[in-house]
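Structure first, commentary second.
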Amino acid sequence: MPELPEVETTRRGIQPHIRKKVVRNIILRRKNLRWPITPAISTDLPGETIQSVSRRGKYLLLGTSKGTLIIHLGMSGSLRIVEAGRQAAKHDHVDIVLANGKVLRYTDPRRFGCILWETEPIESHPLLASLGPEPLGDDFDTDYLFKKSRTRSAAIKTFIMDSRVVVGVGNIYANEALFLAGISPKRSAGKISKPRYAKLVLCITQVLQQAIDVGGTTLRDFTDSNGEPGYFAQSLQVYGRKGKPCHVCQSTLKEIRQGQRSTVYCPKCQR
DNA sequence: ACTTCGACCTGTTGGC
DNA sequence: TGCCAACAGGTCGAAG
């Protein structure tokens with residue numbers, strides 16, 4: 001489910017249904033996700049109005065006058081708008097019931113996600129404090145990435161997936177961006193030239209923006225119960241294509257493991 | 001300051 | 001066909 005484009009798609013999908021709406025009550029069907037779900041949400045949230053629906057990296061932030069609800073979807077999480085009273089399925093762990101009869105429902109089979117309530121200034125929250133810039137924001141540019149990379153010996157793929165470097169570049173788009181930029185995923189981050197970083201920055205922004213744009217079409221039927229995306233699958237160049245021919249040079253795409261994540265690349269196009 | 005790796009979970013897939 | 005190991009869109013936090 002959640003690469004940055006999907007989280008952003010989720011944000012855009014739920015925002016019109018929950019912003020400026022009043023929370024009636026919370027239904028907790030399970031106490032823990034990755035961490036305990038802050039118990040205080042059951043008493044603090046009812047009566048509050050959701051004022052903002054924003055995103056930092058892959059964290060969704062629901063702002064109220066009392067505090068901020070931090071939601072992460074982990075590997076398998078999703079958020080849906082359903083009608084109040086709708087039967088909950090196996091992995092529907094939390095319902096945020098609104099006064100208007102709608103419910104924001106959190107589902108997460110693997111429970112790698114989290115739901116945390118923060119009443120202190122949100123920027124200083126430990127999970128958010130050391131995050132790098134947004135890939136689609138102004139702070140993410142060639143100079144930044146080049147400078148940041150100079151002291152790093154890690155492979156470029158690992159480097160761009162590090163949330164302290166830049167947020168939101170998950171495994172799929174790290175693979176895709178490196179292919180588009182023609183950079184070998186194994187190359188050491190500190191040994192890549194500035195012009196190549198310029199290209200990489202462009203490719204990262206482009207691939208993420210494109211995916212968000214396509215996600216926009218999924219947006220319309222977001223409230224449908226059966227949300228199968230697969231909308232970006234068509235445009236994937238390397239991810240999930242191990243052993244298949246490169247779309248550019250027909251060479252066989254190779255797969256390796258980097259930091260227990262699979263990397264697929266074209267040995268000829270990526271150097 | 002940086003890198004590596006185990007851990008957290010369930011559902012699906014691929015190889016035998 | 002069936003079983004089991006390996007793997008899956010993330011990322012924290014401990015240890016080196």
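A note on names: the letters A, B, ... follow the listed sequences, proteins ahead of strands, and every chain is numbered from 1. Values below: all heavy atoms of this structure, side chains included; hydrogens, waters and symmetry mates excluded.
Atom CG in A/Asn171 sits about 13 Å away from atom P in C/dC7, given to the nearest Å. Spacing between atom NZ of A/Lys242 and atom P of B/dT13 amounts to 15 Å, rounded to whole angstrom units. Spacing between atom CG of A/Leu116 and atom P of C/dT11 amounts to 14 Å, rounded to whole angstrom units. The CE atom of A/Met75 sits 10 Å away from the C1' atom of C/dT11 (whole-angstrom rounding). Rounded to a whole Å, the NZ atom of A/Lys157 is 15 Å from the C1' atom of B/dT4. The interatomic distance linking A/Glu3 (CD) with C/dT11 (P) rounds to 9 Å, in whole Å. Atoms CZ (A/Arg261) and P (C/dA8) sit 8 Å apart, rounded to a whole Å. Regarding A/Gln258, its CD atom lies at a distance of 13 Å from the P atom of C/dG9, rounded to whole Å.
Note on A/Ser76: every side-chain N or O is 4.0 Å or more away from OP1 and OP2 of B/dG11. Side-chain nitrogen and oxygen atoms of A/Tyr239 include none within less than 4.0 Å of the OP1 or OP2 phosphate oxygen of C/dA8. For C/dG9, the OP1/OP2 oxygens have no side-chain nitrogen or oxygen of A/Tyr173 closer than 4.0 Å. Between A/Ser153 and B/dT3, a side-chain N or O to OP1/OP2 separation shorter than 4.0 Å is present.
Taking each heavy atom of A/Pro5 and A/Tyr173 in turn, the nearest pair found is CG-CE1, 3.8 Å.
Here A/Val22 is tied to no hydrophobic group at all, with no ILVMFWY side chain closer than 4.5 Å. In the hydrophobic clustering, A/Ile256 connects to A/Tyr265, either directly or through intervening members, whenever side-chain heavy atoms lie under 4.5 Å apart.
In this structure, A/Phe159 reaches neither bases nor backbone, as no heavy-atom distance under 4.0 Å exists between it and the strands shown. Among the heavy atoms of the strands lying under 4.0 Å from A/Arg152 are primed sugar atoms or P, OP1, OP2 only; no base atom is included. Residue contacts for A/Thr158: at a heavy-atom cut-off of 4.0 Å it reaches no nucleic acid atom on any strand shown.
The 12-atom threshold is exceeded at CG of A/Asn32, counting heavy atoms of other residues, nucleotides or ligands nearer than 6.0 Å. The number of heavy-atom neighbours closer than 6.0 Å to CZ of A/Arg150, taken from other residues, nucleotides and ligands shown, is above 12.
Within residues 139-151 of chain A, the residues having any heavy atom under 4.0 Å from DNA chain B are, by residue number, A/Thr151. Residues from residues 123-134 of chain A lying near DNA chain B, meaning a heavy-atom separation below 4.0 Å, are absent.
The same atom, P, is picked in C/dC12 and in B/dG11; the two are 25 Å apart, to the nearest Å. Comparing the same atom, P, in C/dC7 and in B/dC5 gives a spacing of 15 Å after rounding to whole Å. Between B/dG6 and C/dA6, the distance separating the two P atoms is 14 Å to the nearest Å.
Contact of the A/Val97 side chain with the A/Val23 side chain is not registered, since no non-hydrogen atoms from C-beta on lie closer than 4.5 Å.
Listed by first then second residue, pairs satisfying ring-ring contact (aromatic ring centres under 6.0 Å, His included) with a partner in residues 36-63 of chain A read A/Tyr59-A/His72, not counting sequence neighbours.
Residues forming a side chain to side chain donor-acceptor pair (under 3.5 Å) with A/Ser65 (at least two apart in sequence, or on another chain): A/Glu48. A/Arg29 meets the salt bridge (charged side-chain N to carboxylate O under 4.0 Å, His left out) test with A/Asp95; sequence neighbours excluded. The salt bridge (charged side-chain N to carboxylate O under 4.0 Å, His left out) search around A/Lys242 returns A/Glu255, not counting sequence neighbours.
Each of A/Glu134, A/His125, A/Glu123 was scored for a side chain to side chain donor-acceptor pair (under 3.5 Å) with A/Arg56, with one residue passing: A/Glu134.
The OG1 atom of A/Thr205 sits 8.5 Å away from atom CD of A/Gln209, with the distance rounded to the nearest 0.5 Å.
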Return a table of donor-acceptor pairs under 3.5 angstrom between the side chains of residues 35-47 of chain A and protein atoms on other chains or two or more places apart.
from	atom 1	to	atom 2	distance (Å)
A/Thr38	OG1	A/Trp117	N	2.9
A/Thr43	OG1	A/Ala40	O	3.1
A/Asp44	OD2	A/Trp117	NE1	2.9

Output a table of donor-acceptor pairs, distance under 3.5 Å, between side-chain atoms of residues 187-200 of chain A and any protein atom two or more places apart or on a different chain; print 'none' if there are none.
from	atom 1	to	atom 2	distance (Å)
A/Arg187	NE	A/Arg271	O	3.3
A/Ser188	OG	A/Ser153	O	3.1
A/Ser193	OG	A/Arg196	N	3.4
A/Lys194	NZ	A/Asp143	OD1	2.8
A/Arg196	NH1	A/Arg271	O	3.3
A/Arg196	NH2	A/Gly182	O	2.9
A/Arg196	NH2	A/Arg271	O	3.1
A/Tyr197	OH	A/Ser149	OG	3.4
A/Tyr197	OH	A/Ala189	O	2.7

Atom pairs under 3.5 Å: protein N/O with N/O of nucleotides 6-10 of chain B:
from	atom 1	to	atom 2	distance (Å)
B/dG6	N7	A/Gln260	NE2	3.2
B/dC9	O3'	A/Arg111	NH2	3.3
B/dC9	O2	A/Arg110	NE	2.8
B/dC9	N3	A/Arg110	NH2	3.3
B/dT10	O4'	A/Pro109	O	3.4
B/dT10	O3'	A/His91	NE2	3.4

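The side chain of A/Ala154 lies closest to B/dT3, out of B/dT3, C/dG13, C/dA8. Closest approach to the A/Met161 side chain among B/dT3, C/dG10, C/dG9 is made by C/dG10 (side chain taken as heavy atoms from C-beta onward).
For DNA chain C, runs of at least 3 consecutive pairs of the Watson-Crick or G-U wobble type, with both hydrogen-bonding distances under 3.5 angstrom, map to B:2-8 with C:10-16, B:10-16 with C:2-8.
Side-chain N or O atoms of A/Arg11 include none that pairs as donor or acceptor with a backbone N or O of A/Gln15 at under 3.5 Å.
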